[in-house]
Q: 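Dropping the structure in here first, questions after.
Naming convention: chains lettered A, B, ... in sequence-line order (proteins, then strands); numbering from 1 in each chain.
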2 protein chains.
Amino acid sequence: MKILVTGATGFIGQNLIKHLLNQDHSLVLLVRHNSDISILDNRASLFYYSDEINNLITLFQKELFDGVIHLASLFLATHQSHNIPNLIHSNIQLGTELLEACKLSKTSWFLNTGTFWQHYENEVYNPVNLYAATKQAFEDIAKYYTETSDLIFTTLNLNDTFGPNDTRNKVFNLWYQLTQTGATLQMSPGEQIIDICYIEDVINAYEILINHLKMNPNDVKNKKFAIHSNERMSLKKLSKVFENTIGIPLNIEWGKRSYREREVMIPWKDTQPLPGWKPKYSLIEAIQKTIGTMK
Amino acid sequence: MKILVTGATGFIGQNLIKHLLNQDHSLVLLVRHNSDISILDNRASLFYYSDEINNLITLFQKELFDGVIHLASLFLATHQSHNIPNLIHSNIQLGTELLEACKLSKTSWFLNTGTFWQHYENEVYNPVNLYAATKQAFEDIAKYYTETSDLIFTTLNLNDTFGPNDTRNKVFNLWYQLTQTGATLQMSPGEQIIDICYIEDVINAYEILINHLKMNPNDVKNKKFAIHSNERMSLKKLSKVFENTIGIPLNIEWGKRSYREREVMIPWKDTQPLPGWKPKYSLIEAIQKTIGTMK
């Protein structure tokens, strides 16, 4: 298939692109002028985003993509006032422009990426932060396009992810540093439940969903599916699993920091599983595969 | 009360501002550099919107408004691709910046304006057009602010409105032109139900809701109220009422044009009435009061 992918330089993007190229899909990556394209697989073509929507429409009309995989987003756990224009541009306007281009060029499907954080306290909609609110707002925009065209729109809802070569400032990287330096880390009381997925399982979910989009689009149209772990546990317990897997004790002072405002104590549960998907790797296996790449 | 008002130069804005000033409220009107401020009541102060959100926040922290009445929007019955940035800026980003300023300055309430067009075919949410989708998207953003502050957010949902000195290109103005020129107008079959409200009744609804926001905010918090006519009728029948009131026959060729795509045949019905509000004027009275100003 010929697919346009956004968010190519992110952790999930890099892994997904490699996987899709290995399957001989033809990819065009939508990148920004300031994107670090040196990390991108050179088997994919690049298209530079500009403020002129006609450039995007022309691309779509020329390439006649089968679908769009929309991973790009501006993630901010907490925002500052001056971030608002960028949050709205990245998380609402860019996607709207893509949907407009899809409608005009009769693209078959659009695979969107959502977040568990749209569902604080397990509500149908309650955003943890402004980032999650902009994600929800984009889904409202998408409804206009699905109502006025044949576009198949589907959202894959992700929570935490991890895997080899993950450079994001996430908990496993922080903990790995402790084992190397012997430093002490102050953390919250650690009772929040963590739902973290291994990258190969996440990529597998995208692959399965893309196949549904091609083979049985009506089964997935306008639906949201969640990718989550079979092994949810508290942050404190997760640290023990990590410690046991790596074989080096972690110096964590639990309770020395407060929970953040609107800390998610229990991740979204009321999810629709993606048909045909389940994690292939246990948490311990996945941590083992990840540790080898840490530095 | 001290109130910030957006959309001051629009038809509802101009009428509402005059009314609120007559009641001795203190108003600051948020205007754009290209707004026609010559039409604004000079008893109100003006503040020019800029792309720098800190200017807005500084204004809010200095003025300590009781509330915001948000009327500004970019209305487009059908959009062109190049309208997307302006639609998103006017209907989502501006409101988000206002909510951010409200949160930071502990403003008590925010009165938003919605549209029946968020409810195509009487659905909880189904946007008639991209304009309506951006209105819905903004309400998602607002949920973040109401969840993370004490801000009271309320939406007044409007449909068609009319009244004296309405310069918008709406049906009564079109029909009045027919009576003056004797021209013929081609219209759709005219079976769509029209729900149109007289401006004094609309302004009265705002006044009642503002009083609720001050006196019993918890009764209206996070609610949507609809302002609609007690005299819904088909467009064709409405033309007869207009014709009889003005006493001059209209030359309309019904059915010579198609309904527009996603024509609203039956306006939103599943509405929550605003407590204490009902129209004061019959449709005939309201048309009589309007005709005298037409030219």
Q: Drop me the distance from A/His82's NE2 to B/Glu100's CD, to the nearest 0.5 angstrom.
A: 10.5 Å

Q: Highest number of heavy-atom pairs under 4.5 Å with chain A: which of B/Ile57, B/Thr96, B/Thr134?
A: B/Thr96

Q: So how far is it from B/Asn126 CG to A/Asp140 CG, rounded to the nearest 0.5 Å?
A: 11.0 Å

Q: With a 4.5 Å limit on heavy-atom distance, are the side chains of A/Gln136 and B/Glu139 in contact?
A: no

Q: What do you reckon, is NZ of A/Lys269 surrounded by more than 12 foreign heavy atoms closer than 6.0 Å?
A: no

Q: For B/Glu121, is it the side chain, the backbone, both, or neither that has a heavy atom closer than 4.5 Å to a heavy atom of chain A?
A: neither

Q: So how far is it from B/Ile53 CD1 to A/Asn83 CG, rounded to the nearest 0.5 Å?
A: 9.5 Å

Q: Is the NZ atom of B/Lys170 crowded by more than 12 outside heavy atoms at less than 6.0 Å?
A: yes

Q: Decide if atom CZ of A/Arg168 counts as having more than 12 heavy atoms of other residues, nucleotides or ligands within a radius under 6.0 Å.
A: yes

Q: Measure the shortest side-chain to side-chain distance between B/Val128 and A/Glu147 over non-hydrogen atoms and say whether it is less than 4.5 angstrom.
A: no

Q: Is it the backbone or the side chain of B/His79 that comes under 4.5 Å from a heavy atom of chain A, or both, or neither?
A: side chain

Q: What part of B/Glu261 is in contact with chain A, defined as an atom under 4.5 angstrom from a non-hydrogen atom: side chain, backbone, both or neither?
A: side chain

Q: For the CG atom on A/Asp150, are there more than 12 heavy atoms of other groups (residues, nucleotides or ligands in this structure) within a distance under 6.0 Å?
A: no

Q: CG/B/Leu130 to NZ/A/Lys103 distance, rounded to the nearest 0.5 angstrom?
A: 8.5 Å

Q: Assess whether side-chain contact (heavy atoms from CB on, under 4.5 Å) is satisfied between B/His89 and A/His89, documenting all intermediate values.
A: CA-CA 9 Å; B/His89 189 279; A/His89 189 279; over 6 Å; no

Q: Would you say A/Leu46 has more than 12 foreign heavy atoms packed within less than 6.0 Å of its CG?
A: yes

Q: Can you give me the closest heavy-atom contact between B/Tyr145 and A/Ile84, atom names plus distance?
A: OH-CD1, 3.8 Å

Q: How long is the straight-line distance from CG of B/Leu87 back to CD of A/Gln93, given to the nearest 0.5 Å?
A: 10.0 Å

Q: Using non-hydrogen atoms only, which part of B/Leu104 is less than 4.5 Å away from chain A: side chain, backbone, both, or neither?
A: side chain

Q: Just how far is it from atom OH of A/Tyr144 to atom OH of B/Tyr131, taken to the nearest 0.5 Å?
A: 14.5 Å

Q: Indicate yes or no: at least one non-hydrogen side-chain atom of A/Pro85 is less than 4.5 angstrom from one of B/Glu97.
A: yes

